[in-house]
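What follows is a set of notes on a single structure, which appears directly below.
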Amino acid sequence: NIILTCNTQLGQSVDSNVTVNSTWIGPNSLTSSSILASPYQSTLMLGSLVTTGAGNYTCSVLVSPVNNAFISQTTQRTTILVSVHTINITASGSPVAGQMYTLICNGTLVGNSSLIPVITWSNATGVVTNGNGITVSNGVLTFNPLRTSHGGQYT
């Protein structure tokens, strides 16, 4: 799940003289509105995203005076970009002990083609780093040579 949060800070002198309304607007005509109470925090929870959920999510906060308070109505907006990762992992063939073996991870971010994902390989013992016959570079994990001690699940 992804949780987006929009916080609004007001001065203590205006706190009781206003109503605060927030509206979230996102891709695919997503809209969510609510009236906020102090501390004026609006949260939008997104389930697991598919590529159609990538894009800009905008939180608009409307601060309105109540009881003819001498406060002007204001609207503030902030936009958060949510990117969805698409990942493909391919292998150089069948693993054979004593031979070179390569796993290749290609990732893309849907919703913003200018961002380049950072790919980190891990296994049961943690993040995989260079050493012990293993080389990691730009999403490519190479075993040279592949050893039985390298056995396990890699993600």
Side-chain angles (χ1 to χ4, degrees), residues 1-93 95 101-130 134-143 150-155:
N1 289 336
I2 295 175
I3 298 173
L4 306 179
T5 303
C6 184
N7 292 313
T8 302
Q9 294 181 342
L10 302 175
Q12 289 181 340
S13 62
V14 298
D15 201 31
S16 62
N17 296 314
V18 296
T19 58
V20 180
N21 295 288
S22 81
T23 303
W24 283 96
I25 300 170
N28 305 314
S29 303
L30 169 87
T31 304
S32 173
S33 298
S34 59
I35 297 174
L36 304 178
S38 184
Y40 307 118
Q41 184 179 69
S42 175
T43 302
L44 178 66
M45 181 180 248
L46 306 173
S48 57
L49 290 177
V50 293
T51 55
T52 56
N56 290 323
Y57 289 80
T58 301
C59 174
S60 295
V61 176
L62 173 66
V63 179
S64 303
V66 294
N67 302 330
N68 296 322
F70 294 102
I71 301 166
S72 59
Q73 180 171 309
T74 60
T75 301
Q76 297 292 321
R77 290 180 180 82
T78 188
T79 301
I80 301 168
L81 173 66
V82 175
S83 298
V84 178
H85 305 270
T86 304
I87 297 175
N88 288 319
I89 297 176
T90 56
S92 62
Y101 184 66
T102 303
L103 297 172
I104 301 168
C105 179
N106 293 312
T108 58
L109 296 175
V110 178
N112 188 343
S113 59
S114 66
L115 295 176
I116 299 170
V118 175
I119 297 170
T120 303
W121 284 97
S122 60
N123 62 14
T125 61
V127 174
V128 178
T129 58
N130 291 336
I134 296 175
T135 306
V136 181
S137 178
N138 297 322
V140 178
L141 175 62
T142 304
F143 303 91
H150 294 144
Q153 182 175 356
Y154 289 81
T155 57

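All residue numbers refer to positions in the sequence shown, counting from 1. Note that the structure is predicted; figures quoted are calculated from it, not measured.
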Hey, does the side chain of Ser92 reach the backbone of Thr102 with a donor-acceptor pair shorter than 3.5 angstrom?
yes
When rounded to the nearest 0.5 angstrom, what distance separates OG1 in Thr142 from CH2 in Trp121?
10.0 Å
Decide side-chain contact (heavy atoms from CB on, under 4.5 Å) for Asn123 and Thr155; before the verdict, give the C-alpha distance in whole Å, the side-chain angles of both, and the deciding distance to 0.1 Å.
CA-CA 6 Å; Asn123 62 14; Thr155 57; over 6 Å; no
What do the steps show when you test Thr135 against Phe143 for side-chain contact (heavy atoms from CB on, under 4.5 Å), and what is the final call?
CA-CA 7 Å; Thr135 306; Phe143 303 91; over 6 Å; no
Check: Tyr154 and Leu141 side chains under 4.5 Å, non-hydrogen atoms:
yes
In short, Gly93 meets Tyr101 closest at the heavy-atom pair O-CE1, 3.1 Å
Could you walk me through whether Thr23 and Ser60 pass the side-chain hydrogen bond (donor to acceptor under 3.5 Å, both in side chains) test, one step at a time?
CA-CA 5 Å; Thr23 303; Ser60 295; over 6 Å; no
Separation between CD1 of Ile134 and NE2 of His150, rounded to the nearest 0.5 Å:
4.0 Å
Does atom CG of Asn138 have more than 12 heavy-atom neighbours from other groups under 6.0 Å away?
no
Distance, nearest 0.5 Å, that separates CG of Asn106 from CD1 of Ile89:
9.5 Å
Please report the shortest heavy-atom distance between Cys105 and Ile119, naming the atom on each side.
O-CD1, 3.2 Å
